[in-house]
Amino acid sequence: MSRLIALVDSNNFYVSCERVFNPKLEGRPVIVLSSNDGCAVARSNEAKALGIKMGTPAFQMRDLIEKHQIQIFSSNYALYGDLSNRVMQTLQNFTPEVEVYSIDEAFVGLTGEVSDHALSIMRTTVKRWTGIPVSIGLAPTKTLAKIANRIAKRGEGTYILRDPDQVLENLPVGEVWGIGRQSTKKLTAYGITTALKLKQADLAWIKRQMGIVGVRIVKELRGTSCLPLELIPQPRKSCCVSRSFGHPVTDLEDLREAIATHTARAAHKLRRDNLSASLLAVFIATNRFNADLPYYRNSGTVGLSAPTNHTITLTKAALKALGPLYRVGDHYQKAGVWLTELTPAHEIQQDLFINHKSCEKGRKLMEVMDALNSQFGAGTVRCAAQGFEQSWRTKAEMRSPRYTTRWDELLIVP
DNA sequence: TCTGGGGTCCTAGGACCC
DNA sequence: TCTGGGGTCCTAGGACCC
């Protein structure tokens, strides 16, 4: 029995999430902005038709927005994350072979004869149960499923790739999954301009030019699966929290608040995933687009004496790392914290020099803090180092309500 | 005025060891 | 003048993804 892979991909996912709770947005141009209301990260088909490209900065779209009455939203990750879970759970209803690949995509393993009708049922069920429209492409490998999905998206919403070569011949090589800008440039220089030419390329030559990654892509195009479904999510290896500031920051005190806040978020993520970190890095940067001011970025690393996910321990380390990075007079635009060398929290090597009693106390404190913050909202209990005014905070001026995760933001039907 | 955030994997080259 | 060979580990940086 043949094993096939379906790629289920939400259409314009963030925009679709906004539409679920705001049906007036249907049929109108809608854009969702990146964090800090910086640039377009999701566009409705109507917005795409107006020529708005992925990643266009908000200030460059001002006239178009005004002229066409485009609806603009800040990113609302609480909402998108929750709706994503609902979509994934719906897919799990059909088969346990679901690999959650990103917030809006899943690879689904299917066996035997799969009809267009079956895919269509999957699609309409997701729409009916979650309100999110998806497209489904089916093929023998992940790379081909990605291509099938593109066709599904432009057509009926589902597509089974039965005659790959005909499709590959009309697909620019840069559209193949895993072929980025650099590889496109290199391949094009050698006359490999379409996916079909890539599929027919000499494997030894590909190995020399693109390494093992390139070989895998070519084999996948030929129908040999090299990228298996990963049904059990691998534990993450690092955890990074960084944000742009709502406006340029010059004070060390503001930087300290931001770093403490990002550290608290990162530590919380670790506790949620039951991980501890051994290494912490802090980085700060000025605006690289501003030609009038010097561009400065720097980072500093601190090793922890024992792996930890304790907010206060990590915050102390982070603030220590920040100190030497700061320069008076620079206009900072961004700061972040990066935790690495992650290990499962329960497998930690006992440290001879650690006071176990205070360690246990610290763990309980975090437990209570997480419980309070979960019940009453993030930031209810926090370190004083995180500040109160937080004037540096990231912009999110057009965020919709967190309809599904906050009681006080429920949709009210008059 | 205004340009996102969070990841992974691979490779080359250096340090080091026997 | 001659100056091994093979292996591992680590790190930085590149490339790519959504």
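Predicted, not measured: the structure shown is a model, and the values here were computed from it. Naming convention: chains lettered A, B, ... in sequence-line order (proteins, then strands); numbering from 1 in each chain.
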OP1 or OP2 of [N] versus the side-chain N and O atoms of [X]: is any pair under 4.0 Å?
| X | N | value |
| --- | --- | --- |
| A/Gln234 | B/dG7 | no |
| A/Ser183 | C/dA15 | no |
| A/Lys185 | C/dC16 | no |
| A/Ser238 | B/dT8 | yes |
| A/Trp177 | C/dC18 | yes |
| A/Lys269 | B/dG7 | yes |
| A/Lys334 | B/dT3 | no |
| A/Arg236 | B/dG7 | yes |
| A/Ser35 | B/dG5 | yes |
| A/Thr394 | B/dG4 | no |
| A/Lys395 | B/dG4 | no |
| A/Arg181 | C/dG14 | no |

Tell me whether the count of non-hydrogen atoms from other residues, nucleotides or ligands lying under 6.0 Å of NZ in A/Lys316 goes above 12. no

Does CD belonging to A/Glu26 count more than 12 external heavy atoms closer than 6.0 Å? yes

Report the nucleotide, chosen from [options], that has the shortest atom-to-atom distance to any side-chain atom of [X].
| X | options | value |
| --- | --- | --- |
| A/Arg216 | B/dG4, B/dC10, B/dG7 | B/dC10 |
| A/Phe59 | C/dC16, B/dT3, B/dG5 | B/dT3 |
| A/Gln333 | B/dT1, B/dG7, B/dG4 | B/dG4 |
| A/Pro248 | B/dG7, C/dC18, B/dC2 | B/dC2 |
| A/Lys237 | B/dT8, B/dG7, B/dC10 | B/dT8 |
| A/Arg243 | C/dC16, B/dG6, B/dT3 | B/dG6 |
| A/Gln182 | C/dC18, B/dG6, C/dC16 | C/dC16 |
| A/Val213 | B/dC2, B/dC10, C/dC18 | B/dC10 |
| A/Arg288 | B/dC2, C/dC18, B/dG4 | B/dG4 |

Would you mind reading off the distance between [X] atom [atom1] and [N] atom [atom2], rounded to a whole angstrom?
| X | N | atom1 | atom2 | answer |
| --- | --- | --- | --- | --- |
| A/Asn76 | B/dG4 | CG | C1' | 16 Å |
| A/Leu342 | B/dG6 | CG | C1' | 13 Å |
| A/Asp104 | B/dG7 | CG | P | 17 Å |
| A/Glu105 | C/dC17 | CD | P | 11 Å |
| A/Tyr101 | C/dC16 | OH | P | 13 Å |
| A/Lys142 | C/dC18 | NZ | P | 12 Å |
| A/Ile217 | B/dT8 | CD1 | P | 19 Å |
| A/Asp9 | C/dC17 | CG | P | 14 Å |

Establish, from distance only, whether the side-chain atoms of A/Ser44 and A/Glu46 form a donor-acceptor pair under 3.5 Å. yes

Does a donor on one side chain sit under 3.5 Å from an acceptor on the other, for A/Ser135 and A/Asp9? no

Give a yes or no on whether a salt bridge exists between [X] and [Y], defined as a side-chain N under 4.0 angstrom from a carboxylate O.
| X | Y | result |
| --- | --- | --- |
| A/Arg62 | A/Glu66 | no |
| A/Arg162 | A/Asp116 | yes |
| A/Asp370 | A/Arg272 | no |
| A/Lys146 | A/Glu220 | no |
| A/Glu230 | A/Lys142 | no |

Give one of base, sugar-phosphate or nothing for [X], where a contact means two heavy atoms less than 4.0 Å apart.
| X | result |
| --- | --- |
| A/Ile212 | sugar-phosphate |
| A/Gln60 | nothing |
| A/Ile103 | nothing |
| A/Lys146 | sugar-phosphate |

Are any side-chain N or O atoms of A/Asn373 and backbone N or O atoms of A/Val381, one a donor and one an acceptor, separated by less than 3.5 Å? yes

Which value, in whole Å, describes the distance between the P atoms of nucleotides C/dC18 and B/dT3? 25 Å

Assert: residue with more 5' nearest nucleotide on DNA chain B, out of A/Ala58 and A/Trp338, is A/Ala58

Hey, where does DNA chain B pair up into stems, meaning at least three consecutive Watson-Crick or G-U pairs with distances under 3.5 Å? B:5-18 with C:5-18

